[in-house]
Amino acid sequence: MTVLKNDIFIKALLKQPIKRTPVWMMRQAGRYLPEYRKIREQAGSFLNLCTNPELACEVTMQPLRRFNFDAAILFSDILTIPDAMGLGLYFTEGEGPKFKHPIKTAADIKKLPIPDPTSELRYVIDAVRLIRNTLQGSVPLIGFSGSPWTLATYMVEGGSSKSFQKIKGLMYEQPKQLHVMLDKLAQSVAAYLNAQIEAGAQAIMLFDTWGGMLTSEDYIEFSLYYAKQVRNLLKTDIDGQQIPTILFTKGGGLWLESMIDAGYDALGLDWQTDIEKARARVGNIVALQGNMDPVALYAQPEIIIEKVKTILQKYGTGSGHVFNLGHGILPDINPDHVKAMVNAVHEFSPMYHN
């Protein structure tokens, strides 16, 4: 097993002592980098980029050459599982992801397969192996998936949505059918993440992008319950090494106490959640990841530095904090502003660690 040269990200998630706060960024491999746009053009489409392990590896490595991030995250898309289930994923310029065969009936749900990640999603697993090998132990590799609820929203809506009318309609009118679908998705997500772990992912993140659109009781029943099912199925002890897990529900700050019960090592915070209060609420049970407003990266570097200092100060002393944005970086951010954020975390976080 490759020994990690920089393991502070892993240690922070496990609340072990470290010398400074680790930092990475959601969507750190992406459109804000000119070198990414060049590769994307070369690939011909976003899907081609995702399904080519060599290109996915190159894109994963690009931000690490520019910035001192403490983790790499697999370059892929959360909708790979629904695509492998036969829904026909495609992307329309300016409109985001869409499905040729969205879920419309109970019969559609019944015939959904549970994909074998080593065959139907082999391109992702191959990319994980290649990236892990290319990293040579420099920083840990994060594997990820969309949560069952978030995947279900896209599958039923047929793409992105503002009102979530179709998925909520299914939830209110045919809850048993939705539970059947979410159970299949939980099994699929767990198998997919376990395959990523087996291929070399050293931490796992579950993106529950749309859990925050639910009422409190519906969140517990239809989103968090299945995030917990996924966690229960994960094999996170590999050769005596613990694979830390992160659950991120955008808009989930209301439910941190409930989220603890899902069994993840860390909870992601969006920018609307006060990190000082969040830490007081979760105590010493889980680590926290976040939570700078992505829009703050449009500001001048001196303002970004002050925002970083505020978040570090509000979290306070000790381990258990991974610095990140409260959601993914926006596509037209100046890379120099990212550098200012990363460097500020490196410079000002050691004072909060013994």
Short question: side chain of Arg231, backbone of Tyr264 - any donor-acceptor pair under 3.5 Å?
no
Just by distance, do the side chain of Gln196 and the backbone of Leu193 share a donor-acceptor pair under 3.5 Å?
no
Does any N or O in the side chain of Asp270 come within less than 3.5 Å of the main-chain N or O of Gly251, such that one atom is a donor and the other an acceptor?
yes
With a 4.5 Å cut-off on side-chain heavy-atom distances among I, L, V, M, F, W and Y, is there a chain of contacts connecting Trp149 to Leu233?
no
So which pairs with a foot in residues 46-67 pass salt bridge (Lys or Arg N to Asp or Glu O under 4.0 Å), sequence neighbours left out?
Glu35-Arg66, Glu58-Arg65
I'd like to check the side chain to side chain donor-acceptor pair (under 3.5 Å) partners of Asn48; sequence neighbours left out, ordered by chain and number.
Ser45
According to side-chain hydrogen bond (donor to acceptor under 3.5 Å, both in side chains), does anything in residues 102-113 pair up with another residue at least two apart or in another chain? List the pairs.
Thr105-Asp108
Taking atom CG of Asp237 as the centre, report whether more than 12 heavy atoms of other residues, nucleotides or ligands fall under 6.0 Å from it.
yes
Glu257, CD: over 12 other non-hydrogen atoms inside 6.0 angstrom
yes
Pairs meeting criterion salt bridge (Lys or Arg N to Asp or Glu O under 4.0 Å) with involvement of residues 9-27, two or more places apart:
Asp7-Lys11, Arg20-Asp70
Can you name the nearest heavy-atom pair linking Leu151 to Ile78, along with the distance?
CD2-O, 3.0 Å
So which atom in Leu47 and which in Tyr90 form the shortest heavy-atom distance, rounded to 0.1 Å?
CD1-CA, 4.3 Å
Can you check whether Met213's main-chain N or O pairs, donor with acceptor, with Lys168's side chain at less than 3.5 Å?
yes
To the nearest 0.5 angstrom, please state how far the SG atom of Cys57 sits from the CZ atom of Phe75.
12.0 Å
Criterion salt bridge (Lys or Arg N to Asp or Glu O under 4.0 Å) against Asp274, the qualifying member of Lys314, Arg281, Arg279
Lys314
Between His321 (side chain) and Gly290 (backbone), is there a donor-acceptor pair under 3.5 Å?
yes
Pair listing, side-chain hydrogen bond (donor to acceptor under 3.5 Å, both in side chains) test, anchored in residues 181-195, at least two apart
Thr80-Tyr192, Asp183-Gln187
So with a 6.0 Å cut-off around CZ of Phe348, is the heavy-atom count from everything else above 12?
yes
Quick one: does NZ or CZ of Arg40 land under 6.0 Å from the six-membered ring centre of Phe46, within 45 degrees of the ring axis?
no
CE/Met181 to CD1/Ile103 distance, rounded to the nearest 0.5 angstrom?
5.0 Å
Between the main-chain N or O of Ile167 and the side-chain N or O of Tyr172, is there a donor-acceptor pair closer than 3.5 Å?
no
May I ask you to decide if Ala299's main-chain N or O and His337's side chain share a donor-acceptor pair within less than 3.5 Å?
yes
What residues form a salt bridge (Lys or Arg N to Asp or Glu O under 4.0 Å) with Glu306, not counting sequence neighbours?
Lys309
Whether Gln136 side chain and Asn133 backbone form a donor-acceptor pair below 3.5 Å
yes
Could you list the residues that satisfy side chain to side chain donor-acceptor pair (under 3.5 Å) with Ser147, not counting sequence neighbours?
Thr150, Asp208
Just grab all the salt bridge (Lys or Arg N to Asp or Glu O under 4.0 Å) pairs involving residues 321-341, residues at least two apart or on different chains.
none
NZ/NE/NH1/NH2 to OD/OE distance under 4.0 Å, Asp261 and Lys228
no
Test of understanding: with side chain to side chain donor-acceptor pair (under 3.5 Å), list the residues that count as partners of Gln289, not counting sequence neighbours.
Trp24
Taking the six-membered ring for Trp and the single ring otherwise, decide whether the centroids of Tyr315 and Tyr352 are under 6.0 Å apart.
no
Could you pull out all residues at least two apart from Thr317 that satisfy side chain to side chain donor-acceptor pair (under 3.5 Å)?
none
Can you measure from CG (Asp77) to CG (Leu49) and round to the nearest 0.5 angstrom?
10.5 Å
Please check if any side-chain donor atom of His179 sits under 3.5 Å from a side-chain acceptor atom of Tyr226, or the reverse.
yes
All heavy atoms of Val128 vs all of Gly200, minimum pair found to be CG1-N, 4.0 Å
Interatomic distance, CD1@Ile204 vs CD1@Ile197, rounded to 0.5 Å, equals 4.5 Å
To the nearest 0.5 Å, what is the distance between CG on Leu14 and OG1 on Thr245?
9.0 Å
Atom of Ala29, atom of Thr60 and distance for their closest heavy-atom approach
CB-CA, 4.2 Å
Between atom OG of Ser76 and atom CZ of Phe144, what is the distance when rounded to the nearest 0.5 Å?
4.5 Å
Where the side chain of Asp239 meets the backbone of Gln241, is there a donor-acceptor pair that is under 3.5 Å apart?
no
Show which residues join Ile8 in its hydrophobic cluster (side-chain heavy-atom contacts under 4.5 Å, direct or indirect), or state none.
Ile18
I need the minimum non-hydrogen distance between Ala296 and Ile304, along with the two atoms involved.
O-CG1, 3.5 Å
Of the non-hydrogen atoms in Gln177 and Leu170, which two are nearest, and what is the gap between them?
CB-CD1, 4.3 Å
Side-chain heavy atoms under 4.5 angstrom apart, residues restricted to Ile, Leu, Val, Met, Phe, Trp, Tyr: same cluster for Ile125 and Leu141?
no
Donor-acceptor check, side chain of Ser319 to backbone of Pro17, threshold 3.5 angstrom: yes or no?
no
Does CD in Gln229 sit with more than 12 non-hydrogen atoms of other residues, nucleotides or ligands closer than 6.0 Å?
yes
Within 6.0 Å of CD in Glu41, more than 12 heavy atoms from elsewhere:
no
Pair Tyr219-Thr249, side-chain donor/acceptor within less than 3.5 Å
yes
Pair listing, salt bridge (Lys or Arg N to Asp or Glu O under 4.0 Å) test, anchored in residues 116-127, at least two apart:
Arg122-Asp126, Asp126-Arg129
